[in-house]
Amino acid sequence: MATQMFEGKGHAAIYQKYRFAPGEELQQVILSYLREKRPNAVELVVDVGCGTGQGTRFLAKHFKKVVGTDISEAQIQEAKDAPFLPNVSYLVCPAEELPLEDASVDVLASFTAAHWFDIEKFMKEANRVLKPGGCVVICTYTMDMSLRYGNCSEKLTKIFRESWDLLLKYSHNKVKHVMEDYKMIFEALPFPDKKRITDIYDKIPMTVSGVVGYLESVSPYQVFMKNDPEAAKSLLPETEKRMLETMGVSSRETPVEFWVRHVCVLGCK
């Protein structure tokens, strides 16, 4: 069964507010691949482990019918509460037990979620629900992140990395799949027609408050809060203070460039 790390309503609300949608470069990689492999009409796309719907909403702009699924009721409720297109629906269910008919899905997608799944069971389920010729799109952003602002980009990135490195001490062992660029997930995909792209770089528009909010949204921060609440509560304002001082600004809404490297596993049944 999938590991459940995003259950609480409060965390789901933070996740919805601060998690970013797939970037432009990643979107183009996905759409180009699907145009190549599925040139005819795509009827049904399923976004597994959809969280609060960032990836689902991207897919809905390009495909006829999109279903977002997640094991967390709180995450799905946040997705339903956000504006979404009429071709989208949401279901609460495990990634390994999708309430879908055999050979009914054209594209099975997952954004920054597959490392939480029971990989072996999920791959069997993907094989079951996909049509012949159906595609799998499994992506994640990596820990390879940086900040850019004026002439202090290197210092800003160092501040961000120091906070990230502290949080990583509290990360679940399944995060190793992200650290390994989804190598094991790629190897587990049961289709010979597959590839893994590890050098997709995206610039995500953010603000200082958005960067700090992103840190608050990650699962290790929630574990940190349980283990050492005082230290956890001080980390975010201290990170923000250091960033603002380095940038020479006072507003936490000051824009910054947030650069992230994505990994994408693509396959065709």
Side-chain angles (χ1 to χ4, degrees), residues 15 18-39 42 45-63 66 68 95 106-117 119 122-123 126 134-149 153-154 156-157 160-161 164 168 171 174-189 191-206 210-211 214-215 217-219 255-268:
Y15 197 99
Y18 292 114
R19 285 299 178 103
F20 44 88
E24 290 293 330
E25 290 298 319
L26 178 60
Q27 290 185 29
Q28 289 309 309
V29 167
I30 293 168
L31 294 174
S32 296
Y33 179 79
L34 294 178
R35 279 193 294 266
E36 174 194 346
K37 295 293 184 179
R38 301 288 297 178
V42 171
V45 178
V46 179
D47 180 15
V48 185
C50 69
T52 52
Q54 284 83 349
T56 317
R57 293 189 286 273
F58 148 61
L59 293 168
K61 294 176 183 177
H62 300 279
F63 301 104
V66 180
D106 293 283
V107 177
L108 199 67
S110 182
F111 297 92
T112 316
H115 48 282
W116 299 117
F117 303 164
I119 302 300
F122 172 67
M123 291 303 179
C135 293
V136 170
V137 175
I138 303 175
C139 307
T140 187
Y141 44 79
T142 68
M143 309 302 175
D144 188 358
M145 299 171 172
S146 63
L147 296 172
R148 298 183 191 176
Y149 181 86
S153 300
E154 192 173 326
L156 273 185
T157 298
F160 176 79
R161 283 300 330 172
W164 235 134
L168 283 176
S171 64
K174 287 197 171 187
V175 174
K176 69 183 180 184
H177 296 310
V178 179
M179 308 290 272
E180 295 168 355
D181 286 352
Y182 271 16
K183 182 175 183 289
M184 193 276 272
I185 291 172
F186 171 73
E187 291 170 350
L189 188 63
F191 312 138
D193 184 358
K194 61 182 179 179
K195 63 181 177 178
R196 179 174 63 123
I197 306 171
T198 61
D199 59 349
I200 306 165
Y201 290 88
D202 259 310
K203 178 178 71 173
I204 311 294
M206 277 225 195
V211 172
Y214 167 73
L215 289 172
S217 79
V218 299
S219 59
V256 295
E257 291 182 7
F258 187 76
W259 283 85
V260 59
R261 180 174 65 87
H262 299 279
V263 170
C264 195
V265 174
L266 302 163
C268 189

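Checked by atom type and distance alone, the side chain of Asp106 never pairs as donor or acceptor with a backbone atom of Val42 at under 3.5 Å. Glu257 contributes no side-chain N or O that, together with a main-chain N or O of Leu147, makes up a donor-acceptor pair within less than 3.5 Å. Using modelled atom types, no side-chain atom of Asp202 and backbone atom of Pro22 make a donor-acceptor pair closer than 3.5 Å. Remark: side-chain polar atoms of Lys194 are paired, donor with acceptor, to backbone N or O of Leu189 under 3.5 angstrom. With hydrogens and angles disregarded, no donor-acceptor distance shorter than 3.5 Å links the side chain of Arg57 to the backbone of Ala21. Remark: side-chain polar atoms of Thr198 are not paired, donor with acceptor, to backbone N or O of Val263 under 3.5 angstrom. Under a 3.5 Å cut-off, the side chain of Ser110 and the backbone N or O of Val48 do form a donor-acceptor pair. At least one donor-acceptor pair closer than 3.5 Å links the side chain of Lys174 to the backbone N or O of Phe117.
Between atom OG1 of residue Thr140 and atom NE2 of residue His115 there is a gap of 5.0 Å, rounded to the nearest 0.5 Å. Note: Leu34 CG to Leu266 CG = 7.5 Å, rounded to the nearest 0.5 Å. Distance check: Phe186 CZ to Glu180 CD gives 14.5 Å after rounding to the nearest 0.5 Å. For the atom pair CZ (Arg38) and SG (Cys268), the distance works out to 7.0 Å, reported to the nearest 0.5 Å. Glu25 CD to Ile197 CD1: the interatomic distance, rounded to the nearest 0.5 Å, is 11.5 Å.
Residues Phe111 and Tyr141 keep their aromatic ring centres 6.0 Å or farther apart.
Note on residues 136-149: pairs passing salt bridge (charged side-chain N to carboxylate O under 4.0 Å, His left out), not counting sequence neighbours, are Asp144-Arg261.
Remark: Lys203 is not positioned above the aromatic ring of Phe258, lacking an NZ or CZ atom under 6.0 angstrom from the ring centre and at most 45 degrees off the axis.
Ion pairing between a basic and an acidic side chain is recognised when a charged N comes within 4.0 Å of a carboxylate O; Lys183 and Glu187 show such pairing.
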